[in-house]
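These notes are about the structure you will find just below.
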There are 2 protein chains.
Amino acid sequence: MHVKTMPADDRQAPEGCRFCVIRQSGICSALTGEEVTRLSRIAHHRQYKAGQTILSCDDKPDFFAAVSSGVVKVSKLLLDGRQQIVGLLFPPDFLGRVFSRQIPYFAEAATHVELCCFRHADFERMLKDHSEMSQHLLEHSLDKLDTAHDWMVLLGRKTAEERVASLLYLLVTRSKLALVHDHGASRDTGFELHLKREEMADFLGLTYETVIRQLKALYKKDIICLNGRREFSVPDLAALAKAAG
Amino acid sequence: MHVKTMPADDRQAPEGCRFCVIRQSGICSALTGEEVTRLSRIAHHRQYKAGQTILSCDDKPDFFAAVSSGVVKVSKLLLDGRQQIVGLLFPPDFLGRVFSRQIPYFAEAATHVELCCFRHADFERMLKDHSEMSQHLLEHSLDKLDTAHDWMVLLGRKTAEERVASLLYLLVTRSKLALVHDHGASRDTGFELHLKREEMADFLGLTYETVIRQLKALYKKDIICLNGRREFSVPDLAALAKAAG
DNA sequence: CGTTCGCTTGAGCCTTTTCAACCACTGTGG
DNA sequence: CCACAGTGGTTGAAAAGGCTCAAGCGAACG
C-alpha cells in the first residue's frame with residue numbers, strides 16, 4: 001500500500017485556508033483563490049504551548065509567519081534582566097522580518113499559538129510577484145508603528161491607573177475584533193486576561209504589585225468587574241476609555 | 001523671449017537629486033537614473049523654519065515626503081495636554097503615510113527642515129511599478145518599528161539617567177551617520193542638541209527639571225562635557241553607551 | 001501533603017515630580 | 001539708552017506616585 005507520507009504542511013491546504021483568519025484579513029487577503037493555492041503549497045503550520053519560546057533575540061529564523069490563532073508576546077530584555085513587552089500579536093498579525101534574517105526581540109507564546117509559516121526565500125519571491133501583498137504588508141507594518149507610538153505615549157506620559165485601564169481597553173477591543181472571525185475569547189461573561197500580572201506589568205512599564213493595586217482601584221470605581229483572576233468584564237466601555245486617558 | 005516659468009519643483013531636477021541624501025540611501029536609492037528623472041518630475045520641495053508645524057494631528061495631507069535636511073519632531077498629545085514625542089526624523093527618513101490619508105500625530109520642524117514631497121497618487125503609482133522601491137519603504141518602516149520598540153524599553157524600564165544618556169547616545173550616532181552624507185551637525189567640537197530641555201523631556205517621558213538634573217549628573221561623572229546649552233561632547237563613547245543601559 | 005507559582009496586601013522608602021524662585025539672554029519700544 | 005517682557009535654563013525644597021521588601025494566601029501539581 002502506498003502510504004501517503006504527507007508532511008505536516010498539508011494541513012494548510014486551500015480548503016483549510018478558506019476559513020483562516022489570515023486569509024480573511026491577513027497577509028493573504030489580497031490574493032486570488034489560485035494564488036492562495038500556490039501560497040499554501042509553500043506554507044507549513046507550527047504550534048506552541050503557552051509559555052513556549054518561539055524566537056529568541058538575535059535568532060536567525062528561516063521562516064516568516066502569520067499568527068493564525070492565540071496571542072504572541074514580543075519582548076525585549078536589558079542586560080540586567082529588566083524586561084519590556086513591546087507588543088502583543090493577535091491573528092492575523094505577522095511575526096518575523098522580511099528581507100532580513102536577524103530579529104532583535106523575543107517572541108513567546110502567551111496562550112496556545114498556531115502559526116502559519118513560510119520559508120523566507122519562498123515568501124520573498126511571492127512578495128516580489130504580488131505587489132498587493134507587499135502593499136498589505138507595508139500597511140500592516142505602518143499600523144503596527146502607529147500602535148507602537150500609542151504605547152510610547154502610555155509608557156512616557158500616563159499614570160499607573162491609566163496604563164492598566166488602557167491595557168484592558170486594548171484587550172476588549174482586540175478581543176471584540178477577534179470575535180468577528182473567531183468564536184471564544186469572550187464567552188459573553190467577560191474578557192480574558194491573556195497575561196499574568198507580571199506580564200501585564202512588563203507591558204505597562206510597572207511592577208506587578210502596582211498592576212494589582214490599580215486593577216483594584218478600577219474595580220472600586222466600578223469601571224471593571226473582576227471575575228476570577230484571569231477574567232474581567234466592563235459594564236461601561238466609555239468609562240473605561242475615559243479612565244485610559 | 002520665452003521665459004521659462006519653471007515651478008519650484010524644478011529644483012528637484014535629476015542633477016539636484018544626484019547628491020541628495022535621499023538618492024543615496026533613502027526612498028529613491030533603489031532607482032536607476034532614468035527612474036529618478038521620472039520621480040523628480042513629480043517631486044517638489046518644501047521648507048520649514050524651526051518650530052513650524054508641518055502636519056497637525058488628523059490632517060489629511062495630500063503629499064508624502066522624505067526629509068532631505070534638518071530634524072523633524074513627531075509627537076502625540078493627550079487630551080489634557082500631556083505630550084510625548086514618539087520619534088525624530090533625520091534624513092533620509094520619510095514623513096507621511098502611503099495608502100492612507102489620515103495621520104495620527106503632529107510633525108514639527110525641530111530645526112530648519114527641507115522636505116522632498118510627492119503627491120500621494122503619483123507616489124503610489126510609482127510604488128506599484130517599482131517593487132524595489134516599495135521593498136525599501138517596507139524595510140525602512142520595519143527599522144522604524146524596531147527603533148520604536150527600543151524606545152519603549154527606554155520609556156518603560158530605564159531610569160532617568162539612563163534615558164538622558166540614551167538620548168545623547170542616539171544623537172551622537174545619528175549625527176555621525178549624517179556626517180557621512182552631510183557636513184555640519186558636529187563641528188568637531190561636539191554634537192548639537194537639536195532639542196530644548198522641554199522637548200528632550202517630552203521625548204524621554206520625564207519633566208524638564210529632571211532632564212537638567214540628569215544632564216548635570218552625567219557631567220559630574222565625566223561622561224559628557226557641556227559646551228554651552230545646546231552643545232555637548234563625549235570623551236568616551238563606550239562610557240556613554242554603558243550609562244545608557 | 002508539601003512545594004511551587006501566581007496573586008495579594010501592607011509599610012516604608014526613593015526617584016521623580018511639583019512648585020516656586022531666580023538667572024541669562026534677546027528683542028522691543030519709549 | 002534703559003526699562004521691560006518673554007523665553008529658555010537652572011536650582012532648591014517639599015510632595016507624591018510608584019517601587020521595594022516582606023509576609024501571607026490559595027490553587028495546582030507531583
Side-chain angles (χ1 to χ4, degrees), chain A residues 49-52 73 78 80-85 108 110-111 154-168 192-221 224 226-232 243 245, chain B residues 49-52 73 78 80-85 108 110-111 154-168 192-221 224 226-232 243 245:
Chain A
K49 285 195 283 282
Q52 212 178 336
K73 204 179 95 182
L78 249 25
D80 59 2
R82 281 174 287 177
Q83 185 175 171
Q84 176 67 45
I85 298 182
E108 187 185 324
T111 64
L154 176 145
L155 293 171
R157 289 301 179 211
K158 289 191 184 176
T159 64
E161 188 177 315
E162 289 171 328
R163 294 185 199 202
V164 173
S166 299
L167 175 58
L168 298 182
E192 198 181 337
L193 229 35
H194 306 286
L195 273 32
K196 55 185 176 185
R197 302 288 183 262
E198 192 179 358
E199 292 173 319
M200 297 173 70
D202 284 340
F203 198 14
L204 297 172
L206 299 170
T207 59
Y208 63 88
E209 294 97 327
T210 302
V211 171
I212 289 167
R213 291 187 242 269
Q214 300 306 332
L215 234 23
K216 198 175 172 182
L218 290 170
Y219 169 73
K220 280 191 180 165
K221 290 183 182 174
I224 58 167
L226 267 1
N227 327 327
R229 294 175 162 178
R230 287 292 194 114
E231 205 178 294
F232 68 100
Chain B
K49 283 195 283 281
Q52 211 178 337
K73 203 179 95 182
L78 249 24
D80 60 1
R82 280 174 287 177
Q83 186 175 170
Q84 176 66 46
I85 299 182
E108 186 185 325
T111 63
L154 177 146
L155 293 171
R157 290 302 180 209
K158 289 192 183 176
T159 65
E161 188 177 316
E162 289 171 328
R163 295 185 198 202
V164 173
S166 298
L167 174 59
L168 299 182
E192 200 182 333
L193 229 34
H194 306 287
L195 273 32
K196 56 184 176 186
R197 302 290 184 261
E198 192 178 358
E199 292 173 318
M200 297 172 70
D202 285 339
F203 198 13
L204 297 172
L206 299 169
T207 59
Y208 62 88
E209 295 97 327
T210 303
V211 170
I212 289 167
R213 288 178 182 122
Q214 300 306 333
L215 234 23
K216 201 175 171 183
L218 289 172
Y219 169 73
K220 279 190 181 166
K221 291 183 182 176
I224 57 168
L226 267 3
N227 326 327
R229 295 179 162 173
R230 288 290 194 116
E231 205 177 293
F232 69 100

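Chain naming here is simple, since letters A, B, ... match the order of the sequence lines and numbering starts at 1 in each. The figures here come from the full heavy-atom set of this structure, side chains too, leaving out hydrogens, waters and symmetry mates. Since we're looking at a predicted model, the values are computed, not measured.
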**Message:** I need the minimum non-hydrogen distance between Leu195(A) and Met200(A), along with the two atoms involved.
**Reply:** CB-CG, 3.8 Å
**Asked** Can you name the closest pair of heavy atoms from Ile85(B) and Phe203(B) and give their distance?
**Response** O-CD1, 3.3 Å
**Prompt:** Excluding sequence neighbours, so at least two apart, what forms side chain to side chain donor-acceptor pair (under 3.5 Å) with Lys221(A)?
**Reply:** Glu161(A)
**Message:** Using the side chain to side chain donor-acceptor pair (under 3.5 Å) criterion, which residues pair with Thr111(A)? Sequence neighbours excluded.
**Reply:** none
Taking atom [atom2] of [N] as reference, at what distance in whole Å does atom [atom1] of [X] sit?
{"X": "Arg230(A)", "N": "dT8(C)", "atom1": "CZ", "atom2": "P", "answer": "11 Å"}
{"X": "Arg197(B)", "N": "dC23(C)", "atom1": "CZ", "atom2": "C1'", "answer": "14 Å"}
{"X": "Asp202(A)", "N": "dG6(C)", "atom1": "CG", "atom2": "C1'", "answer": "14 Å"}
{"X": "Tyr219(A)", "N": "dT9(C)", "atom1": "OH", "atom2": "P", "answer": "11 Å"}
{"X": "Ile212(A)", "N": "dC5(C)", "atom1": "CD1", "atom2": "C1'", "answer": "13 Å"}
{"X": "Leu206(A)", "N": "dT20(D)", "atom1": "CG", "atom2": "P", "answer": "11 Å"}
{"X": "Leu226(A)", "N": "dG26(D)", "atom1": "CG", "atom2": "P", "answer": "17 Å"}
{"X": "Leu204(B)", "N": "dT15(C)", "atom1": "CG", "atom2": "C1'", "answer": "16 Å"}

Would you mind telling me which of [options] lies closest to the side-chain atoms of [X]?
{"X": "Ala160(B)", "options": "dT16(C), dG6(C), dG9(D)", "result": "dT16(C)"}
{"X": "Thr210(B)", "options": "dG18(D), dC7(C), dT17(C)", "result": "dT17(C)"}
{"X": "Tyr208(A)", "options": "dT8(C), dT16(C), dC19(D)", "result": "dT8(C)"}
{"X": "Lys216(A)", "options": "dC7(C), dG18(D), dT9(C)", "result": "dT9(C)"}
{"X": "Gln214(B)", "options": "dC7(C), dT16(C), dT11(D)", "result": "dT16(C)"}

**Item:** Donor-acceptor pair (no angle test) under 3.5 Å: Arg213(A) side chain, dT20(D) base
**Value:** yes
**Message:** Using heavy-atom distances to pick each residue's nearest nucleotide on DNA chain D, tell me which of Arg163(A) and Glu209(A) is more 5'.
**Reply:** Arg163(A)
**Request:** For Gly228(A), report the nucleic acid contact type (base, sugar-phosphate, nothing); a contact means any heavy atom under 4.0 Å.
**Result:** nothing
**Closest-nucleotide 5' rank along DNA chain C - winner of Leu195(A) and Arg157(A)** = Leu195(A)
**Polar side-chain atom of Glu231(A) near backbone of Leu226(A) as donor-acceptor pair, under 3.5 Å** = no
